Amino acid sequence: MTNLRIGHGYDVHRLVAGRRLILGGVDIPWEKGLEGHSDADVLVHAVMDALLGAAGLEDIGSLFPDSSEEFRGISSLVLLERVAGELAKRSVTVVNVDATVLAQAPKLAPYRAQMRANIAGALGIKTEQVGVKATTEEHLGFTGDGSGMAAHAVALVERR
């Protein structure tokens with residue numbers, strides 16, 4: 001039996017006026033931001049759930065409940081560092097993470113390199129071990145009409 005494990009994460013948040021748009025730990029200038037208890041970083045949330053799933057742990061809602069004031073407005077990169085700590089306690093190392101943000105706008109290409117670096121830094125891995133992509137949904141659904149954003153992520157981990 002192999003010590004490799006794969007996990008998938010998915011997250012979605014509504015776009016609203018009056019909030020900062022944080023994706024992959026990058027503050028992106030735009031007219032709307034993602035609504036949520038923390039900074040609502042949909043990309044990092046999907047990455048966390050993929051890692052937790054791969055490690056056989058509970059999801060981010062269980063670890064960081066939105067009913068806790070401790071997590072109100074917190075940077076999702078801080079939460080990702082905590083997830084990395086939970087993995088390390090269990091002798092689980094990250095092999096790689098690959099994620100896709102689904103958003104009609106704004107264009108995310110100028111920010112992808114920094115997103116990758118931020119995620120890698122929080123996990124203590126090389127930037128080359130993190131993939132971040134973005135796509136539109138051709139004006140279809142809630143991401144296409146600008147109501148929200150979503151992200152999918154997959155993670156490969158290894159138990160030592």
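If you're wondering where the values come from, they're calculated on a predicted model, not measured in any experiment.
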Under 4.5 Å between any side-chain heavy atoms of [X] and [Y], yes or no?
| X | Y | value |
| --- | --- | --- |
| K32 | L21 | no |
| L4 | V157 | no |
| D49 | D11 | no |
| F71 | S38 | no |
| I60 | S62 | no |
| R90 | L57 | yes |
| D41 | L79 | no |
| L63 | L52 | yes |

Let me check something: do [X] and [Y] share a hydrophobic cluster, defined by ILVMFWY side-chain heavy atoms less than 4.5 Å apart, either directly or through other members?
| X | Y | answer |
| --- | --- | --- |
| V78 | M115 | yes |
| L43 | W30 | yes |
| V47 | V154 | no |

When you measure from the side chain of [X] to the backbone of [Y], do you find a donor-acceptor pair of N or O atoms at a distance under 3.5 Å?
| X | Y | value |
| --- | --- | --- |
| R19 | G36 | yes |
| R5 | L51 | no |
| H13 | E35 | yes |
| Q114 | Y111 | no |
| R159 | V92 | no |
| Q104 | T136 | no |
| R14 | G148 | no |
| N3 | R160 | no |
| R72 | S68 | no |
| E137 | T143 | no |

Query - Residues E70 and R82 bridged, charged N to O under 4.0 Å - result: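 Here E70 pairs with R82 in a salt bridge, since their nearest N and O are under 4.0 Å apart.
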
Report task. List in chain and number order the residues that pass salt bridge (charged side-chain N to carboxylate O under 4.0 Å, His left out) with D98, two or more places apart in sequence or in another chain; answer none if no residue qualifies. Result ->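 If we apply the salt bridge (charged side-chain N to carboxylate O under 4.0 Å, His left out) test to D98, skipping adjacent residues, the hits are K133.
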
Rounded to the nearest 0.5 Å, what separates atom [atom1] in [X] from atom [atom2] in [Y]?
| X | Y | atom1 | atom2 | result |
| --- | --- | --- | --- | --- |
| I28 | L23 | CD1 | CG | 4.5 Å |
| H45 | M48 | NE2 | CE | 4.5 Å |
| Q129 | T93 | CD | OG1 | 9.0 Å |

State, to 0.1 Å, how close [X] and [Y] come at their nearest heavy-atom pair, and which atoms those are.
| X | Y | value |
| --- | --- | --- |
| A50 | A153 | CB-O, 3.6 Å |
| A40 | S76 | N-OG, 4.5 Å |
| R116 | G131 | NE-CA, 4.3 Å |

Requested in this report: Among V130, L87, V83, find the one that has a side-chain contact (heavy atoms from CB on, under 4.5 Å) with V94.
Outcome: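 Of the listed residues V130, L87, V83, the side-chain contact (heavy atoms from CB on, under 4.5 Å) partner of V94 is L87.
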
**Report entry** Residue among L102, L15, L108 satisfying side-chain contact (heavy atoms from CB on, under 4.5 Å) with M149
**Finding:**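 Only match with M149 under side-chain contact (heavy atoms from CB on, under 4.5 Å): L15.
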
Report task. Go through F64 and I74 one step at a time and tell me if the side-chain contact (heavy atoms from CB on, under 4.5 Å) criterion holds. Result -> CA-CA 10 Å; F64 313 117; I74 195 168; over 6 Å; no

Query raised in the report: Does CD in E58 sit with more than 12 non-hydrogen atoms of other residues, nucleotides or ligands closer than 6.0 Å?
Result: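 No, not enclosed.
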
Query raised in the report: When Ile, Leu, Val, Met, Phe, Trp and Tyr are grouped by side-chain heavy atoms lying under 4.5 Å apart, directly or through other members, which residues fall in the same group as Y10?
Result: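 Taking Ile, Leu, Val, Met, Phe, Trp and Tyr as members, Y10 shares its hydrophobic cluster with V12, F142.
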
Report task. Start with the C-alpha gap between L123 and V97, add the side-chain angles, then the distance that decides, and say whether side-chain contact (heavy atoms from CB on, under 4.5 Å) holds. Result -> CA-CA 10 Å; L123 292 172; V97 173; 4.2 Å; yes

Query raised in the report: Given I22 and L34, is the side-chain contact (heavy atoms from CB on, under 4.5 Å) satisfied, shown in steps?
Result: CA-CA 7 Å; I22 310 292; L34 294 167; over 6 Å; no

